[in-house]
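Some notes on the structure that comes next.
All chains are named by letter (A, B, ...) in the order of the sequence lines, taking the proteins before the strands, and each is independently numbered beginning at 1. Computed from a prediction, not measured in an experiment: that's the story for all the values here.
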Amino acid sequence: MQRAGVRPYAARRRSGTSIMIRDQIRQAVIDAVAAAQAAGDLPEMDIPQVEIQRPNQPEHGDYSSNVALLAASAVRKSTGGKVNPRQIAQSIVDHLAPNDSSGNGRADAIGSVELAGPGFINIRLGERWLQDQVPAILAAGADFGAIDKGEGERWQVEYVSANPTGPLHYGGGRNAVLGDTLANLLDAAGYEVQREFYVNDSGTQFQLFIESLYACYVQRCQQESEAAGPSAEVPEDGYHGAYLHDYAGIVWEREGDRYLKMERDAAVASMRDIGREIVLHDLEDELQELGVSFDRWFSERSLYDEGLVDTLLKQLAADGEVIERDGAHWFVASKYPGNEKDEVVIRSSGAPTYFASDIAYHYDKFVRRKFDRVINVWAVDHQGHVPRMGAVMRALDVDPERLVILLYNLVKLIRDGSEVKMSKRSGDLLTVREVVEEVGPDAVRFMLLTTSPERSVDFDMSLAVQRKNENRVYYVQYGHARICSLLQKAAQNGYEIPEAMPGDAADALSLLTHPAELTLIRKMLEMEEQIELAVERLSPHNLTYFAEDLTKAFSAFYENCQVLHSDVPPELARARLLLSLAARTALSRVLRLMGMTTPETM
RNA sequence: GCGCCAGUAGCUCAGUGGAUUAGAGCGUCGCCCUGCGGAGGCGAAGGUCGCAGGUUCGAGUCCUGCCUGGCGCGCCA
């Protein structure tokens, strides 16, 4: 019998994580199939991979499995014989022992099992078990929902990596939010995550930036001393943003006019370090305002300085991966699938392309630093680069599967019903900083996260600042604030709000039988699956929908189940307070995964 | 021309690698305040899932072709 898809769990399980309830149920079904076959109720047959789904209709239970349908189909195909899927399902149901009291903890979760439709097995969680999850959630606390999918694998997320030539354009905000949230998710899923920003401090763009900075610096010096000096114009194709004058001002304040005394080229060369420092500090600061930070800022130039680019290109040439043609050096991408053209790594002028250092960079990531997997977050306009990187991986003899590119579509900013691109204040492209200042970091993060990455997003800034129901950010944060308010009021009224679960609360929890209470518990228990799903599909946007569902479940409970009222017996009030505390734990976890704050009042 | 992505309710979008009656929010129309934050709750109406074929017992989901929109095809990054 096949048991594909059932992975053995690693021995090194992180404390606090347990086997996901869905996987426990899957195992129970697998066991039931085996038991049915052992008992002779189910003929020997190829049982396909057992999948457990969440039905759309609540009437179909909390979980369901279509094994019987798949098995019947497999038998029909292999033998041509007819099998009734309902009969197969019935045999499995008979061995699914919902009330097994053997104490293995698995069957406890299953409240009831039923056969439905053409052969579905619908499974409901038990009420008692659901009530017991409240203390489990409280015990997990800030780690609630953590799973051990990663088993400690080392993954890197490289994101933003914007040219270090000035503030981040608003489009880069989506990159920052996606990468940062994905890293949060990976961390929650048991991966060891490193967040990296690749600093392109070596190419022509950076050179133009420094030349532009130099020109502004010269202007500043002349302004300060009214002394005649070299005329300085920002290069035609350089950077003309107003911020360069701010940067130049910092250089002047720190270094005075010492660069003015050098030859232009020498001055530009020696300004590279301070220019880099200033712009990176600015970028770091700007990203911080969005709640985004990095473990490492990796310098492209360092790859040249240590000679890795050179070494690698020579080695690739020796392997026939890089050839000379028309005076230039080409990486022979065309020999790998998905690539039709070769790529220049050294121009006929002798200058390396960005692609040359990219090869070295990925060599460093995989061969030297040995990340199990690397996720690069790129805007769609870099899509043409994806197959090339696959070719690079093969040429470096690294499994291409280890490099994952997350492409995201562009952001369109809307204000008062029409698209905006430029800042009225500076005249340049709107920056992330300005958008954050206008609508707040939480709204930016949530809004940029609601749409799946491959779709373009219209970000309505006017809506994001409005305090009405149309604004989904407020709905969620309001929900959190309301829980906090309730708990606070309870404390004022003399209710004891335990930080941890009191040992004698088990009886009180059995009073949680209202549908709204049980629905809320069920919803919270989706956390692990949501985290797993978002990681598997690289879809952080799922979190926004889960946050809304969670808030909705709490609101329904809040409306239907009074907590602090003289009619409510103290034991029930206590149980409902514990449930509310668990709800705050869950909602706060989702908000933090999205990088948002958890306001106690609004 | 070739390639990638998208097309689901009036609007903005989900939809868990095929499965039980396609979901949510907003908007619209009804209810619910002598109760913990009404920035709320409950309910209704609203969809030939771009079009046409195909595979399958079963397709929004897989395959083929087409239509529309976005992006990409450089000795730029």
Listed pairs, N/O of protein and of nucleotides 32-35 of chain B, under 3.5 Å:
residue	atom	partner	partner atom	Å
B/G35	O2'	A/Q562	NE2	3.0
B/G35	N3	A/Q562	OE1	3.4

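Applying the salt bridge (Lys or Arg N to Asp or Glu O under 4.0 Å) test between A/E517 and each of A/R522, A/R576, A/K523 identifies A/R576 as the sole match.
Straight-line distance between the P atoms of B/U48 and B/A9: roughly 9 Å, to the nearest whole Å. Nucleotides B/U16 and B/U68, compared at atom P, are 29 Å apart to the nearest Å. Taking atom P in both B/U20 and B/G54, the straight-line distance is 23 Å, to the nearest Å. The gap from the C1' atom of B/A59 to that of B/U8 amounts to 14 Å, rounded to the nearest Å. Remark: the separation of the P atoms in B/C63 and B/G23 is 25 Å, to the nearest Å.
Between the side chains of A/N339 and A/S334, no donor N or O sits under 3.5 Å from an acceptor N or O. In this model, no donor atom of one side chain and acceptor atom of the other lie less than 3.5 Å apart for A/T165 and A/Q205. Side-chain atoms of A/D428 and A/H240 form no donor-acceptor pair, as typed in the model, at a separation below 3.5 Å.
For A/Y475, whose side chain is taken as the heavy atoms from C-beta onward, the closest listed nucleotide among B/A19, B/U20, B/G41 is B/G41.
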Point to revise | Test side chain to side chain donor-acceptor pair (under 3.5 Å) applied to A/Y558 and A/R482, step by step | key: CA-CA 9 Å; A/Y558 182 84; A/R482 192 148 74 162; 4.8 Å; no
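Within the nucleic acid shown, A/D326 comes within 4.0 Å of at least one base atom, counting heavy atoms only. At a threshold of 4.0 angstrom between heavy atoms, the contacts of A/R576 with the nucleic acid are absent. Residue-level contact check: A/S452 touches the backbone only, with heavy atoms under 4.0 Å from sugar-phosphate atoms and none from bases. Residue contacts shown for A/F355 are absent, as no nucleic acid heavy atom lies under 4.0 Å away. Using a 4.0 Å heavy-atom criterion, one finds that A/T544 contacts no nucleic acid atom at all.
With a 3.5 Å ceiling on both atom-pair distances, the Watson-Crick or G-U wobble partner of B/C13 is B/G23. Base pairing analysis places B/G3 opposite B/C71; the two distances defining the Watson-Crick or G-U wobble pair are each below 3.5 Å. Across the strands present, B/G38 finds no partner; the criterion is a Watson-Crick or G-U wobble pair with both atom distances under 3.5 angstrom. Across all strands shown, B/U56 forms no Watson-Crick or G-U wobble pair with both key distances under 3.5 Å. Base pairing of B/C49: no nucleotide in any strand meets the Watson-Crick or G-U wobble criterion (both distances under 3.5 Å).
Classification of the A/H385-A/Y354 ring pair by plane angle, with boundaries at 30° and 60°, yields tilted. Ring orientation note: the planes of A/H541 and A/Y545 are nearly perpendicular, at an angle over 60° on the 30°/60° scale.
Residue order along RNA chain B, read from the 5' end via each residue's closest nucleotide, puts A/E59 first among A/E59 and A/K552.
When atom types are taken as modelled, the side chain of A/N376 and the backbone of A/I405 share no donor-acceptor pair closer than 3.5 angstrom. A donor-acceptor pair is defined here as one N or O able to donate and one able to accept, closer than 3.5 Å; no such pair exists between the side chain of A/H382 and the backbone of A/W378.
Of all heavy-atom pairs between A/N175 and A/V377, the closest is ND2-O, 3.1 Å.
B/C33 adopts a syn glycosidic conformation, its chi angle falling within 90° of 0.
For the OP1/OP2 pair of B/A14 and a distance below 4.0 Å, the side-chain nitrogens and oxygens of A/R537 include no atom meeting the criterion.
Taking atom CG of residue A/L463 and atom P of nucleotide B/C11, one finds them 17 Å apart after rounding to whole Å.
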Practice item. Take nucleotides 1-6 of chain B nucleotide by nucleotide from the 5' end and write B, S or -, depending on whether a protein heavy atom sits under 4.0 Å from the base, only from the sugar-phosphate, or from neither. Key: --BBSS
